[in-house]
There are 2 protein chains.
Amino acid sequence: MVRVGLTPQRLARAGAELADEVGFDQVTVSALARRFGVKVASLYSHVRSSHDLKTRIALFALEELADRVADAVAGRAGKDALAAFAAAYRDYAREHPGRYDAARFRLDPETAAAGAGVRHSQMTRAILRAYDIGEPDQTHAVRMLGGVFHGFISLERAGGFAHTPVDTQESWAWMVDSLDVLLRNRTTHPPSDEAPPAPGRPATSG
Amino acid sequence: MVRVGLTPQRLARAGAELADEVGFDQVTVSALARRFGVKVASLYSHVRSSHDLKTRIALFALEELADRVADAVAGRAGKDALAAFAAAYRDYAREHPGRYDAARFRLDPETAAAGAGVRHSQMTRAILRAYDIGEPDQTHAVRMLGGVFHGFISLERAGGFAHTPVDTQESWAWMVDSLDVLLRNRTTHPPSDEAPPAPGRPATSG
DNA sequence: TCCGTCTACCTAAAAGATTTAGGCAAATCG
DNA sequence: CGATTTGCCTAAATCTTTTAGGTAGACGGA
């Protein structure tokens, strides 16, 4: 009876690796026990349930992703930061598809609030600092950026773009460009020498 | 032995209702059999597997959603159509959360291609017609719109916006406004009397 | 109306996942 | 070195998935 040294943290990390290999929805307590060479019941000393295990994997992935994004945007600002921010998300999804799915696991609100979700929105706000967007527009922009990157990646991975010959990377770059322009046009105090608001800017917000 | 009259179609529809009630990931062949008052094995005469059942529910939801969107945008153009298009997606997700999740079920490429996914991208292209955007920008825009609406809805439902007091509906309206401006600035042949391209438009695409 | 065929639903059963209860041995700490 | 804690165990109940094969009701043809 050799002790393997299971902990909730190790289970979450191993679960993340398993998710990358076989898909997040194929991650089960049984499969994880097999991977550690222990009996299924042993894992229930460390996680409360299958749902608890998935939650831990999700939190692990969110944390890891936040670290990556933080690294990517460090020392950058403006469009440069926006592009690095976007690339960090997309690269993570490509390198770790299972973990990315895990990061999208539906968490109950208080669990989500306690996790790295807050870091993600703070980093998004940091990106927006260069664009000088006041509230409540800043919050709107945070939500849009979160949505647009996640949504694009999600649809891309679901094969939703496969039927058209246009390169996905080009679409991504086009989108980042467009968002940069959009955000510059939402600036609360536009600089006089560059990027004044577009004439078409609606008057509904701000 | 009363015959209930099971068909793959009825199972898909009932599965969709079940998904709305208990969540798409709680939809199982067993649960659906209970709902019909028949034995589990009976359902396997109509669907090949649990995965097959979920695929059918997904296709059903995609079709229904496409119908709704088509209805919503009929007779509209420009920003009016864009807003109606966006609202149709969001309303569907609010009214039928389980079906909306089903519509995001990962389908293998050929199944997706045979389903209503094509209608969705065609309708998106129809929205863009008013903005007069040429290829490949049109494809980029289709992908961005698909991504942004899906992503926003997905994050909203995951509770990702709950920690900020700003009204989600306002953010949604702000986003639709912004996208309208963005698309007008991407016009290939700008009209002379309104909405010229923003000065900040990058030269990378087109 | 009776018969043959089809098929919708059945019973039975195997295999795997989830979860709980209780036990033994290894690690740890005085 | 002994007591306690803890990590992994066996055992067992419940549930889901899936297959194999059976029965009875529906339906068309004579």
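Each chain gets a letter, A, B and so on, in the order its sequence line appears, and its residues count up from 1.
B/Leu32 pairs in a side chain to side chain contact (heavy atoms under 4.5 Å, CB included) with only one of the listed residues (B/Ile57, B/Val40, B/Leu53, B/Val27), which is B/Leu53.
Counting only heavy atoms from C-beta on, A/His46 has its side chain closest to D/dG7 among C/dC10, D/dT17, D/dG7. Checking C/dC10, D/dC8, D/dT17 against every side-chain atom of B/Val40, the shortest atom distance belongs to D/dT17. With C/dT19, D/dT17, C/dC9 as the candidates, the nucleotide lying closest to the side chain of A/Tyr44 is C/dT19.
Taking 4.0 angstrom as the limit, A/Ser42 places a side-chain polar atom (N or O) nearer than this to OP1 or OP2 of D/dC9.
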- Message: Between B/His46 and B/Thr7, does the side chain to side chain donor-acceptor pair (under 3.5 Å) criterion hold? Intermediate values first, please.
- Response: CA-CA 6 Å; B/His46 305 281; B/Thr7 65; over 6 Å; no

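For the pair A/Glu63 and A/Arg99, the salt-bridge criterion is not met [side-chain N within less than 4.0 Å of a carboxylate O]. Using a 4.0 Å cut-off between charged nitrogen and carboxylate oxygen, A/Arg106 and B/Asp101 count as a salt-bridge pair.
Note: CG (B/Leu6) to C1' (C/dC9) measures 8 Å, nearest angstrom. Rounded to a whole Å, the NZ atom of B/Lys39 is 19 Å from the P atom of D/dT18.
The shortest heavy-atom contact between A/Val142 and A/Ser121 is CG1-CB, 4.3 Å.
A side-chain donor-acceptor contact under 3.5 Å links A/Thr139 and A/Arg125.
One distance of note links CZ of A/Arg76 with CG of A/Leu82; it measures 12.0 Å at 0.5 Å rounding.
For B/Arg90, the salt bridge (charged side-chain N to carboxylate O under 4.0 Å, His left out) criterion is met by B/Glu156, not counting sequence neighbours.
Taking a 4.0 Å limit (strictly below) on heavy-atom distances, residues 47-60 of chain A reaches DNA chain C at A/Ser49, A/Ser50. Non-hydrogen atoms lying under 4.0 Å from DNA chain C are contributed by A/Thr28, A/Val29, A/Ser30, A/Arg34, all within residues 8-37 of chain A.
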